Amino acid sequence: LKTIHLAIKEQLTYRLAMINGAMTNLAWGMFRYYIMLALYGTMGSLNGMSEAAALTYVPLTQSLLAYLNVFGSMQISQTIYSGQIGMRLLKPQGFYRYWLSYLAGKSIVNLMLRGVLLFFIWMIFFPIILPDTLGQWGLFILSLLASWMVSHLWVVTVNLSAIWSKDARGILRMVFASQQLLAGMIFPLRLFPQWFQNICRMTPFPAMLNTSIEIFTGVLTGTEAVLAIGQQVLWAVIIFFLGKVVLRLGLRKLTLEGG
């Protein structure tokens, strides 16, 4: 809890950056909104996704991208190069517990200031559909928590590649750019050809964002939604244990120098 509290205070220190980020999200979201509007034209539905759901997808993804860290982060890799990882490994709370707590603190601030607030602004000016029932709201919240776990466990794991690379920025940029497409951030996965959707479903990326969006907009309901959340939880477990293995192998190679 102390780590979460410190991360919240750190994030709130840069209020102007938060405001600028929210305004950028809003402006970019409007651009994407009108592209989606033009795409649908007079069509009421496309590949099982209604126009109303697609238009809600835009502000929802813009509101959640910071909370879910969709663009990724290289902060952990920098601690490997600076040697600060040694301090993290010596702390009794453990490497994963520390970073997940730290990232949770940042996400709480981003959810409130760049998520909920931004979504309410969208609701004032644009038509948005909301979940119809308390059950759908509950499934969305569960899915959103699972999305957070998948996304941030992935961020921690891929940052560990810095142990084997003198400069992991290229690797991380390629991974994070790919995950934006495969997670459904750039475009709803439902609007892609079926073969591409099938490829995406074999990866953890849709579980980072797309599943939560489809539950919120009613594309996934009932049993389908429950099964989709189960897949998210499964991916979170797989990535967690994969990360543990990567960290254990990396510690055998990691060499820190200092005085």
Side-chain angles (χ1 to χ4, degrees), residues 25 28-29 32-33 36 47-50 52-73 100 103-104 106-120 122-123 126 128-155 176 178-192 196-197 200-240:
N25 285 356
W28 183 244
R32 297 176 64 210
Y33 183 90
M36 194 68 68
N47 280 7
M49 192 172 199
S50 68
L55 294 178
T56 300
Y57 150 88
V58 174
L60 194 55
T61 52
Q62 291 296 131
S63 299
L64 293 177
L65 65 86
Y67 165 73
L68 294 176
N69 212 352
V70 176
F71 292 155
S73 169
L100 289 177
L103 293 170
K106 295 183 67 174
S107 292
I108 290 171
V109 177
N110 283 323
L111 179 62
M112 299 309 297
L113 298 185
R114 294 180 63 177
V116 175
L117 182 60
L118 185 63
F119 195 73
F120 274 123
W122 271 96
M123 288 179 64
F126 298 94
I128 289 175
I129 60 173
L130 299 173
D132 296 327
T133 64
L134 288 177
Q136 192 177 348
W137 274 110
L139 289 172
F140 169 68
I141 292 171
L142 289 174
S143 176
L144 197 58
L145 292 173
S147 291
W148 188 90
M149 287 300 299
V150 175
S151 180
H152 288 84
L153 284 168
W154 177 255
V155 166
F176 293 142
S178 300
Q179 83 179 34
Q180 291 175 45
L181 174 64
L182 300 176
M185 176 63 212
I186 297 176
F187 218 61
L189 294 184
R190 287 272 174 173
L191 303 188
F192 282 100
F196 184 78
Q197 294 183 45
C200 291
R201 291 193 184 100
M202 292 187 289
T203 73
F205 302 117
M208 296 178 185
L209 177 67
N210 189 73
T211 299
S212 297
I213 301 298
E214 292 195 346
I215 291 175
F216 185 93
T217 56
V219 176
L220 288 177
T221 58
T223 304
E224 285 187 333
V226 173
L227 290 175
I229 294 171
Q231 290 177 341
Q232 288 181 293
V233 174
L234 179 61
W235 275 117
V237 172
I238 291 172
I239 295 172
F240 174 73

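Bear in mind that the values here come from a model prediction, so they are computed numbers and not experimental data.
Between Met49 and Pro188, the shortest heavy-atom contact is SD-CB, 3.7 Å. Nearest heavy-atom pair across Ile129 and Thr217 is CD1-O, 3.6 Å. Across all their heavy atoms, Gln179 and Val70 have their closest contact at NE2-O, 3.0 Å. Taking each heavy atom of Ala183 and Leu209 in turn, the nearest pair found is O-CB, 3.6 Å. Closest approach of Trp154 and Ile239 over heavy atoms only: N-CG2, 3.8 Å. Of all non-hydrogen atoms in Gly29 and Val58, the two that sit nearest each other are O-CG1, 3.3 Å.
A distance-only check finds no donor-acceptor pair linking the side chain of Ser143 to the backbone of Ile229 [under 3.5 Å]. No donor-acceptor distance shorter than 3.5 angstrom exists from the side chain of Thr221 to the backbone of Gly218, with no hydrogens or angles considered.
Applying side chain to side chain contact (heavy atoms under 4.5 Å, CB included) to Phe216 and the options Leu144, Leu64, Leu60 leaves one that passes, Leu60.
A heavy-atom distance below 4.5 Å is not found between the side chains of Leu55 and Phe126. Considering only heavy atoms from C-beta on, Leu68 stays 4.5 Å or farther from Met208 through its side chain. Using a 4.5 Å heavy-atom threshold, the side chains of Asn47 and Phe192 count as separate. No side-chain heavy atom of Leu182 sits under 4.5 Å from any side-chain heavy atom of Asn210. A heavy-atom distance below 4.5 Å is not found between the side chains of Leu100 and Phe240. Residues Leu65 and Thr61 fail the side-chain proximity criterion, which asks for heavy atoms closer than 4.5 Å. The side-chain heavy atoms of Phe140 and Gln136, taken from C-beta on, include no pair separated by under 4.5 Å. Here the side chains of Asn69 and His152 are in contact, with some heavy-atom distance below 4.5 Å.
With values rounded to the nearest 0.5 angstrom, Asn110 atom CG is found 10.5 Å from Leu103 atom CG. Considering CH2 of Trp148 and OH of Tyr67, their distance stands at 7.5 Å, rounded to 0.5 Å.
Side-chain N/O atoms of Thr211 and Gln231 include no donor and acceptor closer than 3.5 Å. Under the 3.5 Å distance criterion, with hydrogens and angles disregarded, a donor-acceptor pair is assigned to the side chains of Arg32 and Tyr57.
Shown here are the side-chain contact (heavy atoms from CB on, under 4.5 Å) partners of Met123, two or more places apart in sequence or in another chain: Phe119, Phe120, Ile128, Leu130. In terms of the side-chain contact (heavy atoms from CB on, under 4.5 Å) criterion, residue partners of Ala225 (sequence neighbours excluded) are, by chain and number, Leu139, Ile215, Leu220.
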Full working for side-chain hydrogen bond (donor to acceptor under 3.5 Å, both in side chains) between Trp122 and Gln62:
CA-CA 10 Å; Trp122 271 96; Gln62 291 296 131; over 6 Å; no
Steps toward side-chain hydrogen bond (donor to acceptor under 3.5 Å, both in side chains) verdict (Ser147, Gln232)
CA-CA 7 Å; Ser147 291; Gln232 288 181 293; 2.8 Å; yes
When you look at Leu191 and Gln197, which way does the side chain to side chain contact (heavy atoms under 4.5 Å, CB included) test go after all the steps?
CA-CA 9 Å; Leu191 303 188; Gln197 294 183 45; over 6 Å; no
